[in-house]
Protein chains: 2
Amino acid sequence: MTDIKTGPNPLFLREEELRQAIEMLFFAYRDFTAEPDQILAQYGFGRAHHRVIYFIGRHPGITVSELLAILAITKQSLSRVLGQLVEEGFVAQRPGERDRRQRLLDLTGTGRELERRLTENQRKRFARAFREAGPEAVEGFHRVLFNIIDERNRGRFERREEGPGRARPARRAAGP
Amino acid sequence: MTDIKTGPNPLFLREEELRQAIEMLFFAYRDFTAEPDQILAQYGFGRAHHRVIYFIGRHPGITVSELLAILAITKQSLSRVLGQLVEEGFVAQRPGERDRRQRLLDLTGTGRELERRLTENQRKRFARAFREAGPEAVEGFHRVLFNIIDERNRGRFERREEGPGRARPARRAAGP
DNA sequence: TTTTTATGTCAGTCATGTTGACATATATGA
DNA sequence: TCATATATGTCAACATGACTGACATAAAAA
């Protein structure tokens, strides 16, 4: 029943390693969002505004549905936040060209400015962490975090080694 | 003004790498908490309850102040959540021995059970991610995430290579 | 004995999510 | 062309988990 010759129980070590990972993710996420949250508060905005600004900046001309799909919130939730951003001049909208029901979203100058200010903070935090941890650690970080994400959400981080324009075939559901 | 001979602008690549990291953290955290959130909902609890249960399980006999320090929320916020957990029999309290003002907190059997159920989910997710990414990646993940956390919160993750009981000297504030 | 500390409580507010129901304009297919 | 589906918006109500501010109590410490 009892291991002989082994020092501390390896199952315990594994358990401890996993708990450390869980806690690190908790503290990292909290510290990672704290400073942007403070900046946002100056504008009367919250973290939800940051997410909207971020993804519009990342995907100029994104539609409302696409944004909803990324954020995975209800349209009612988005509407409040997005409405404020439009009204206060951080986000501009224009009708879709092929489909005029769509609202295509873009950041205004002011919006880009705020986006830069918010994201620069988080970029710098990662830049520092990457620098201090070294390039191999960065690769490892990427690999682990990629596997933490639900499979259905990994598409945007897929490494494309294939030639351009070559759509990757849909991954089969796990199985033989 | 324009780089000759270099392919894609390396500054752009770096920017892209940093943005990917930012987004991965967002999606990972969301997916990581989604399943426990669903379990909690069955009990009428939320993520805040999970955090309280988790840290009481991790530090049996923890005081209210210590818990507040870890969670970094106000006592009013904690009080609601903790109150429910006590009332519904997931957390037990006893007065401190040396200081009878203190409330020492422990999980009950039911509490431990729920804690296990919640955390097992997250542990498994990390176990799978670690397995698929490999041990070197795990080390890298740890190094990067450690550096993402605010310095003042890193203590709990410090690798202690020194002998037991040997307190590590406080790190000097950066500077010459 | 006075002051500080650990904790609790009441009351109100805010940000961000939810559900459900219904409205409108446009696109698309039979 | 007409019917249906889609993209989006809006109103209303509610839940969670944070916040601030003010005040209360018991026990420890000076």
Side-chain angles (χ1 to χ4, degrees), chain A residues 26 29-31 33-34 36-56 61-88 91-105 118, chain B residues 26 29-30 33-34 36-56 61-88 91-105:
Chain A
F26 168 64
Y29 193 78
R30 204 178 57 182
D31 291 349
T33 49
D37 282 356
Q38 282 197 308
I39 297 173
L40 287 155
Q42 297 166 5
Y43 295 78
F45 292 156
R47 199 175 298 175
H49 298 81
H50 186 183
R51 301 209 264 250
V52 170
I53 288 179
Y54 179 88
F55 284 109
I56 294 177
I62 192 175
T63 68
V64 171
S65 337
E66 286 163 351
L67 195 47
L68 283 173
I70 291 177
L71 297 174
I73 58 176
T74 58
K75 61 180 175 177
Q76 295 90 328
S77 294
L78 175 58
S79 147
R80 248 188 327 226
V81 171
L82 184 53
Q84 282 177 274
L85 289 172
V86 168
E87 195 175 335
E88 302 187 27
V91 170
Q93 30 184 329
R94 56 194 160 93
E97 287 153 26
R98 286 172 318 227
D99 187 338
R100 283 178 315 176
R101 291 172 302 181
Q102 295 179 329
R103 260 167 80 196
L104 307 188
L105 306 169
L118 294 168
Chain B
F26 167 65
Y29 193 79
R30 203 179 58 183
T33 49
D37 281 357
Q38 281 196 308
I39 298 173
L40 287 156
Q42 297 167 5
Y43 295 79
F45 293 155
R47 198 176 298 173
H49 299 82
H50 187 184
R51 302 209 263 249
V52 169
I53 288 179
Y54 179 89
F55 283 110
I56 294 178
I62 192 176
T63 67
V64 171
S65 337
E66 286 163 350
L67 194 48
L68 282 173
I70 290 177
L71 298 174
I73 58 175
T74 59
K75 60 179 176 178
Q76 294 92 328
S77 295
L78 175 58
S79 149
R80 249 190 325 225
V81 172
L82 184 53
Q84 282 176 273
L85 289 172
V86 168
E87 194 174 335
E88 302 186 26
V91 170
Q93 29 185 330
R94 54 193 162 92
E97 287 153 24
R98 288 171 318 229
D99 187 336
R100 287 178 312 178
R101 292 171 301 181
Q102 293 179 330
R103 258 168 81 195
L104 306 189
L105 305 169

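None of the values given here were measured: they were computed from a predicted structure. Chain A is the first sequence line, chain B the second, and so forth, proteins listed ahead of strands; every chain is numbered from 1.
- Across the interface with DNA chain D, nearest-nucleotide mapping of B:Arg51 and A:Leu104 shows A:Leu104 to be the residue nearer the 5′ end.
- Counting only heavy atoms from C-beta outward, the side chains of B:Val64 and B:Leu105 approach each other to under 4.5 Å.
- At whole-Å resolution of the value, CD in B:Gln38 and P in C:dG17 are 17 Å apart.
- A straight line from CD of A:Gln84 to C1' of C:dG17 spans 14 Å, rounded to a whole angstrom.
- If you take CZ of A:Arg30 and P of D:dG17, they are 16 Å apart, rounded to a whole angstrom.
- Between the CG atom of B:Leu82 and the C1' atom of C:dA6 there is a distance of 14 Å, given to the nearest Å.
- The shortest distance between side-chain heavy atoms of B:Phe26 and A:Tyr54 does not fall below 4.5 Å.
- Within the 4.5 Å cutoff, the side chain of A:Val52 has heavy atoms near those of the A:Leu67 side chain.
- A heavy-atom distance below 4.0 Å to DNA chain D is reached by these residues of residues 73-80 of chain A, ordered by number: A:Lys75, A:Gln76.
- Here C:dT16 presents its C1' atom at 16 Å from NE2 of A:His50, a figure rounded to the nearest Å.
- B:Arg101 meets the salt bridge (Lys or Arg N to Asp or Glu O under 4.0 Å) test with B:Asp99; sequence neighbours excluded.
- Distance check, rounded to the nearest 0.5 Å: CZ of A:Phe45 to CD1 of A:Ile53 gives 6.0 Å.
- Residues B:Leu85 and B:Ile56 fail the side-chain proximity criterion, which asks for heavy atoms closer than 4.5 Å.
- A sub-4.0 Å separation between OP1 or OP2 of C:dT16 and a side-chain N or O of A:His49 is present.
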ask   = Can you give one letter per nucleotide of nucleotides 24-30 of chain C, going 5' to 3': B for a protein heavy atom under 4.0 Å from the base, S for sugar-phosphate only, - for none?
value = -BBS---
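- Counting to the nearest Å, the P atom of C:dT16 and the CD1 atom of A:Ile53 are 11 Å from each other.
- Residue B:Glu66 is the one, among A:Gly44 and B:Glu66, whose nearest nucleotide of DNA chain C lies closer to the 5' end (criterion: closest heavy atom).
- Looking at heavy atoms from C-beta onward, B:Arg51 lies in side-chain contact with B:Leu71 at the 4.5 angstrom threshold.
- In this structure, B:Leu71 places its CG atom 15 Å from C1' of D:dC19, rounding to the nearest Å.
- Considering only heavy atoms from C-beta on, A:Ser79 stays 4.5 Å or farther from A:Leu82 through its side chain.
- With rounding to whole Å, B:Phe45 atom CZ is found 15 Å from D:dA15 atom C1'.
- A donor-acceptor distance shorter than 3.5 angstrom exists from the side chain of B:Thr33 to the backbone of B:Tyr29, with no hydrogens or angles considered.
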